[in-house]
There are 2 protein chains.
Amino acid sequence: MPRPKFSDDLRAQKREQILDAAMAVFEKEGGEEALSFRRLATELGLSYSAPYRYFVDKQELVNALRARAFRWIEAEMRGAIVGLSEPEKQLESLAAAYIRSGMAHPHRYALMFFALDQLEVARRSIELKAAKRDALDVCTQVIAAGQARGNFPLDIDPLTASHLFWIGAHGLVSLQVAGQFVMGCDVKMLVPTLIHALRTGLEHADTSAKVPSKEKRHG
Amino acid sequence: MPRPKFSDDLRAQKREQILDAAMAVFEKEGGEEALSFRRLATELGLSYSAPYRYFVDKQELVNALRARAFRWIEAEMRGAIVGLSEPEKQLESLAAAYIRSGMAHPHRYALMFFALDQLEVARRSIELKAAKRDALDVCTQVIAAGQARGNFPLDIDPLTASHLFWIGAHGLVSLQVAGQFVMGCDVKMLVPTLIHALRTGLEHADTSAKVPSKEKRHG
DNA sequence: ATCATTAACATAACAGCGTCAACAAAAGTC
DNA sequence: GACTTTTGTTGACGCTGTTATGTTAATGAT
């Protein structure tokens with residue numbers, strides 16, 4: 001069997017290198033022409049078909065990029081809670097960091113969520129799934145710790161509660177990034193109000209269903 | 001000037017007809033190949049370039065479809081508040097209807113928001129902007145009426161408050177539609193908890209900024 | 001050192017896309 | 001009927017993702 005040596009390491013290294021370039025291109029021209037496989041290759045000084053040696057698909061490359069973006073926002077959240085001891089403060093700072101980071105890097109944030117046609121393929125990436133869960137865990141752990149210390153009520157499980165925060169933060173960021181806010185809305189007031197509402201909602205968590213159920217829910 | 005007559009009416013009529021077919025195709029195969037202009041034309045029995053007589057762009061067609069989707073969800077919300085007199089009930093029913101409708105028609109909902117590369121163009125469509133505002137107004141008016149009756153506090157303006165609800169509902173629906181929820185999360189509990197949290201947050205609206213501002217905010 | 005094998009890369013080609021220009025037909029006005 | 005405008009078809013361009021085929025270089029075995 002000729003030519004095995006360190007090829008696995010070299011391959012992974014080159015993969016990272018391609019991903020670096022891809023992320024750079026994506027952040028610069030971000031989404032306008034949405035990262036062409038061919039352009040990316042030529043930008044790297046390679047032929048247009050070269051990246052196929054490292055990624056079976058364009059989707060696989062995009063998913064790897066997506067996972068990177070999740071790792072990045074996870075790091076942002078982790079950085080926001082260092083030095084804070086109160087769970088309430090941690091939760092607020094974490095949510096604020098998520099929102100701030102997403103707003104500051106709209107293309108990267110959009111990469112994480114906006115992709116109608118690639119969802120089926122994205123669902124199959126375990127690398128992406130792990131990155132997502134790890135990012136959310138930052139919030140989940142803060143809530144669990146807060147419950148253990150008696151700061152938060154126990155009648156909601158931490159994973160569900162962290163989803164609640166994710167919903168709020170994601171809703172705000174994605175609407176803002178997509179430029180959906182209606183003129184006349186006081187956006188500056190939105191962030192603190194939302195965070196306050198979520199924390200208040202968590203602390204007065206009412207887990208008894210109060211929503212009218214005309215239809216069966218989809219889950 | 002030969003041939004002016006009712007051509008304007010006929011044009012609009014044909015436009016609607018094309019949009020009908022486009023919406024049908026989009027809902028059926030939804031996004032997988034994301035609505036090809038050529039396919040749509042041939043599906044209509046026309047040549048691949050025919051729709052260019054009625055839409056200057058693919059973007060214009062997609063934006064018209066988007067506006068339709070907003071009109072649809074507006075109707076769903078309006079239908080959810082008829083017969084209810086209490087503003088709190090109206091608000092809950094409205095939010096629940098929004099969430100339920102979005103979940104029941106993921107492709108249509110995705111069409112409303114998920115489109116990274118078309119955002120710039122979407123921003124320029126006044127038809128879409130009007131549809132969006134009208135949809136949000138359902139919520140804004142309920143809140144304003146509730147404030148007038150003394151059910152809701154006055155220290156937040158109705159438009160901002162309705163955005164808060166929109167943020168929560170959109171965050172929930174879009175994450176669910178995109179299949180982003182982490183395994184183990186109790187989705188069924190999420191809807192009533194979120195709605196409760198938002199209403200609680202609105203009623204105890206704390207408009208004084210409590211969020212750490214390491215960076216200047218973007219808006 | 002030579003040869004075979006295999007990886008990396010380049011090139012060509014295919015089908016599909018959005019878009020526009022050029023052209024045929026039809027339908028209205030005069 | 002002649003003229004003009006609208007509607008529709010066809011061909012073409014440049015782009016895309018992807019695959020197949022060919023080329024080059026490096027390695028292991030001999």
Side-chain angles (χ1 to χ4, degrees), chain A residues 1-19 21-22 25-26 29-66 115-122, chain B residues 1-19 21-22 25-26 29-66 115-122 124-125:
Chain A
M1 53 185 82
R3 199 158 197 214
K5 226 185 172 178
F6 303 115
S7 79
D8 268 13
D9 257 12
L10 288 178
R11 273 185 69 80
Q13 191 175 331
K14 203 111 188 182
R15 245 183 87 111
E16 292 303 306
Q17 187 178 334
I18 291 179
L19 284 175
V25 170
F26 188 81
E29 327 211 7
E32 277 196 18
E33 37 201 357
L35 192 55
S36 150
F37 220 59
R38 292 172 100 105
R39 274 206 51 195
L40 167 64
T42 55
E43 204 108 350
L44 268 164
L46 295 175
S47 184
Y48 50 78
S49 180
Y52 279 94
R53 299 285 157 191
Y54 303 94
F55 301 90
V56 332
D57 229 25
K58 186 189 179 182
Q59 310 282 7
E60 189 188 311
L61 189 148
V62 172
N63 271 339
L65 241 52
R66 247 196 264 274
L116 169 60
D117 38 345
Q118 301 162 0
L119 289 182
E120 268 310 311
V121 196
Chain B
M1 51 183 83
R3 200 164 192 209
K5 226 184 173 180
F6 302 116
S7 78
D8 267 13
D9 257 12
L10 286 180
R11 272 186 69 82
Q13 192 175 332
K14 203 115 190 178
R15 244 183 88 111
E16 292 302 307
Q17 187 178 334
I18 292 178
L19 283 177
V25 170
F26 187 80
E29 327 212 5
E32 276 197 18
E33 35 199 0
L35 193 54
S36 150
F37 221 57
R38 293 173 99 106
R39 273 207 52 194
L40 168 63
T42 55
E43 205 108 350
L44 268 165
L46 295 175
S47 185
Y48 52 76
S49 181
Y52 278 94
R53 298 287 163 196
Y54 302 93
F55 301 90
V56 332
D57 227 27
K58 186 189 179 181
Q59 310 280 11
E60 188 188 313
L61 188 148
V62 172
N63 272 338
L65 241 52
R66 247 196 264 275
L116 170 60
D117 38 346
Q118 301 162 359
L119 289 181
E120 268 311 310
V121 197
R124 283 185 216 117
S125 164

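Quick caveat: nothing in here was measured; it's all calculated off a predicted structure. So you know, we letter chains A, B, ... as the sequences are listed, proteins then strands, and number each from 1.
Not counting sequence neighbours, B:Gln17 has no partner by the side chain to side chain donor-acceptor pair (under 3.5 Å) test. For A:Glu16, the side chain to side chain donor-acceptor pair (under 3.5 Å) partners two or more places apart in sequence, or in a different chain, are A:Arg68. A search for side-chain contact (heavy atoms from CB on, under 4.5 Å) contacts involving B:Ala50 returns B:Leu46, not counting sequence neighbours.
A salt bridge (charged side-chain N to carboxylate O under 4.0 Å, His left out) check over residues 44-55 of chain A, counting only residues at least two apart or in different chains, returns nothing. Every pair passing ring pair (Phe, Tyr, Trp, His ring centres under 6.0 Å) that includes a residue from residues 37-57 of chain B is listed here, sequence neighbours excluded: B:Phe37-B:Tyr52.
For the pair A:Arg15 CZ and C:dA8 P, the computed distance is 13 Å after rounding to whole Å. Atom pair A:Leu44:CG and C:dA8:P shows a separation of 15 Å (rounding to whole Å applied). Rounded to an integer number of Å, the gap from B:Leu40 CG to C:dC17 P is 11 Å. Rounded to an integer number of Å, the gap from CZ of B:Phe37 to P of C:dT19 is 7 Å. A straight line from CG of B:Leu61 to C1' of C:dC17 spans 15 Å, rounded to a whole angstrom. C:dG18 atom P lies 7 Å from atom OH of B:Tyr52, rounded to whole Å. To the nearest angstrom, C1' of C:dC20 lies 18 Å from CZ of B:Phe55. As a whole-Å value, the separation of A:Asp57 CG from D:dT19 C1' is 12 Å.
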Could you pull out the protein-nucleic contacts involving nucleotides 9-14 of chain D (nitrogen or oxygen on both sides, under 3.5 Å)?
unit_1, atom_1, unit_2, atom_2, d
D:dT9, OP2, B:Ser47, N, 2.7
D:dG11, N7, B:Tyr48, OH, 2.3
D:dG11, O6, B:Tyr48, OH, 3.3

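Here the straight-line distance linking atom CD1 of A:Ile18 with atom CG of A:Leu40 works out to 7.0 Å at 0.5 Å rounding.
In terms of phosphate contacts, B:Lys58 brings no side-chain nitrogen or oxygen within less than 4.0 Å of OP1 or OP2 of C:dC20. Look at B:Arg39 and you won't find any side-chain N or O under 4.0 angstrom from OP1 or OP2 of C:dG16.
Within a 6.0 Å sphere centred on CD of A:Gln13, heavy atoms belonging to other residues, nucleotides or ligands number 12 at most.
B:Tyr54 comes within 4.0 angstrom of the backbone, heavy atoms only, and of no base.
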